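Step one of this worksheet: look at the structure below.
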Amino acid sequence: MKLICFDCDSTLSSIEGIDELARLKGPAVFTAIEAMTSDAMNGKIPIESVFGLRLDAIRPRLEDAEAVGARYVATVEPTAKATVSALQASGWTAVIISGGFRQAIRPLADFLGISRVEAVDMYFRGDGSYAGYDVGYPSTRTGGKLEIIKALRAEMAPQKVVMVGDGASDLETQPVVDLFIGYGGFTARDKVRRGAKAFVTSLDQILPLV
Ligand SMILES: [Mg+2]
């Protein structure tokens with residue numbers, strides 16, 4: 001089998017899920033969270049330095065995660081669905097690897113026909129209130145996506161692995177994949193554009209590369 005891994009936020013969809021969760025809590029929370037996310041995705045600060053802080057500030061409820069789930073689908077990358085379908089038709093298995101939240105990403109994965117989602121679980125109480133997240137999950141920290149790809153290699157024994165993403169955490173996987181493709185259709189980050197062996201601004205541009 002051949003494995004193609006997609007980042008979610010600012011790659012399969014134009015939004016950053018954590019920023020959208022923050023937006024639901026008002027402009028002051030949104031501004032603070034967005035700055036932290038941007039610094040982490042540009043590689044200025046390690047993701048683990050903001051991961052818990054952002055969630056502690058937001059404390060999202062279950063219905064907030066569901067609202068962001070709908071936003072992901074509404075803001076899907078224009079060529080994503082056709083690209084994933086074309087890849088699957090030529091023998092690729094698509095997986096989403098994200099530092100975002102599994103519950104929020106699931107509707108987009110279903111829309112795209114992707115069954116496997118590697119992302120962070122959030123926990124909620126019976127009344128929908130926030131009860132924490134999976135603090136040990138690899139994508140909450142630097143090098144986490146690289147760890148996830150190594151685990152997928154061991155589990156699935158793919159002949160070829162491709163990773164597509166816009167962020168510094170995606171670029172970290174380049175040493176353990178056969179091809180890393182930087183994506184800059186929504187946010188072209190200098191560090192990724194300079195470091196990636198391939199770089200596209202529309203997801204359908206990956207088809208001739210793989
Ligand atoms: Mg991203």
Side-chain angles (χ1 to χ4, degrees), residues 1-18 37-44 47 72-73 75-100 105 108-109 111-120 138-139 141-210:
M1 59 96 68
K2 301 179 289 183
L3 185 65
I4 184 150
C5 308
F6 290 95
D7 171 51
C8 182
D9 298 39
S10 300
T11 297
L12 288 175
S13 160
S14 68
I15 61 170
E16 291 287 326
I18 187 82
T37 305
S38 177
D39 282 351
M41 288 304 99
N42 286 316
K44 286 188 192 165
I47 186 73
Y72 272 123
V73 178
T75 57
V76 65
E77 202 270 356
T79 66
K81 192 171 172 69
T83 301
V84 170
S85 295
L87 288 164
Q88 287 169 335
S90 51
W92 291 88
T93 297
V95 173
I96 295 175
I97 301 181
S98 175
I105 291 169
L108 177 65
F111 174 79
L112 294 172
I114 296 175
S115 56
R116 180 79 171 254
V117 174
E118 292 291 334
V120 184
S139 60
R141 57 183 183 258
T142 302
K145 291 189 178 184
L146 183 153
E147 284 179 52
I148 290 167
I149 286 179
K150 283 184 175 172
L152 290 172
R153 270 197 186 277
E155 176 190 331
M156 298 176 165
Q159 296 150 339
K160 195 173 180 190
V161 181
V162 173
M163 173 78 199
V164 185
D166 69 290
S169 59
D170 304 310
L171 180 62
E172 286 176 347
T173 68
Q174 191 157 253
V176 297
V177 296
D178 298 288
L179 176 63
F180 175 78
I181 303 173
Y183 175 79
F186 297 120
T187 307
R189 307 182 195 280
D190 279 346
K191 182 172 180 171
V192 176
R193 185 165 31 195
R194 284 198 310 267
K197 299 228 165 68
F199 193 83
V200 300
T201 53
S202 174
L203 286 177
D204 54 2
Q205 293 168 355
I206 72 180
L207 293 170
L209 298 177
V210 299

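Given the structure is predicted, the values throughout are model-derived calculations rather than measurements.
Put simply, the side chain of Phe180 reaches to within 4.5 Å of the side chain of Val192, judged on heavy atoms. Looking at Phe6 and Val84, their side chains come closer than 4.5 Å, going by heavy atoms from C-beta outward. In this structure the side chain of Ile206 reaches within 4.5 angstrom of the side chain of Leu87, judged on heavy atoms. You'll find the side chain of Val76 stays beyond 4.5 Å of the side chain of Lys81, heavy atoms only.
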Could you please spell out the steps behind the side chain to side chain contact (heavy atoms under 4.5 Å, CB included) verdict for Gln174 and Leu146? CA-CA 8 Å; Gln174 191 157 253; Leu146 183 153; over 6 Å; no
Between Met163 and Asp7, does the side chain to side chain contact (heavy atoms under 4.5 Å, CB included) criterion hold? Intermediate values first, please. CA-CA 8 Å; Met163 173 78 199; Asp7 171 51; 4.2 Å; yes
In sequence, state the C-alpha distance, the side-chain angles, and the governing distance for Leu152 and Val161, and then conclude on side chain to side chain contact (heavy atoms under 4.5 Å, CB included). CA-CA 10 Å; Leu152 290 172; Val161 181; over 6 Å; no
Can you list the steps and then say if Thr11 with Glu77 is a side-chain hydrogen bond (donor to acceptor under 3.5 Å, both in side chains)? CA-CA 7 Å; Thr11 297; Glu77 202 270 356; over 6 Å; no
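Classification of Lys2 and Asp178 as a salt-bridged pair fails, no side-chain N sitting under 4.0 Å from a carboxylate O.
Side-chain atoms of Ser139 come within 3.5 Å of backbone atoms of Ser98 as a donor-acceptor pair (strictly under, hydrogens ignored). No donor-acceptor pair closer than 3.5 Å links the side chain of Thr173 to the backbone N or O of Ser169. Between the Glu172 side chain and the Lys145 main chain, no donor and acceptor come within less than 3.5 Å of each other. The backbone N or O of Lys44 lies less than 3.5 Å from no partner atom in the side chain of Asp39, so there is not a single donor-acceptor pair. The backbone N or O of Val176 sits less than 3.5 Å from a side-chain atom of Arg153, completing a donor-acceptor pair. Put simply, the side chain of Lys197 never gets that close to the backbone of Leu179: no donor and acceptor are under 3.5 Å apart. Ser10 contributes no side-chain N or O that, together with a main-chain N or O of Asp166, makes up a donor-acceptor pair within less than 3.5 Å. With Gln88 contributing its side chain and Gly113 its backbone, the two residues share a donor-acceptor pair below 3.5 Å.
Listed here is the closest heavy atom pair of Gly195 and Leu171: C-CD1, 3.8 Å. The minimum heavy-atom distance linking Ala40 with Ala168 is given by the pair O-CB, 4.2 Å. Between Leu3 and Trp92, the shortest heavy-atom distance links the atoms O-CZ3, 3.5 Å.
For Gln159, the CD atom is loosely surrounded, since the number of other residues' heavy atoms within 6.0 Å does not exceed 12.
To the nearest 0.5 angstrom, Arg189 atom CZ is 6.0 Å from Ser38 atom OG. With rounding to the nearest 0.5 Å, the separation of CD1 in Ile105 from CD1 in Ile97 is 11.0 Å. Note: Ser13 OG to Tyr72 OH = 6.5 Å, rounded to the nearest 0.5 Å.
In summary, of the residues considered (Val200, Asp170, Leu203), a side chain to side chain contact (heavy atoms under 4.5 Å, CB included) with Ile181 occurs for Val200 alone.
Residues satisfying the salt bridge (charged side-chain N to carboxylate O under 4.0 Å, His left out) test with Arg193, not counting sequence neighbours, are Asp190.
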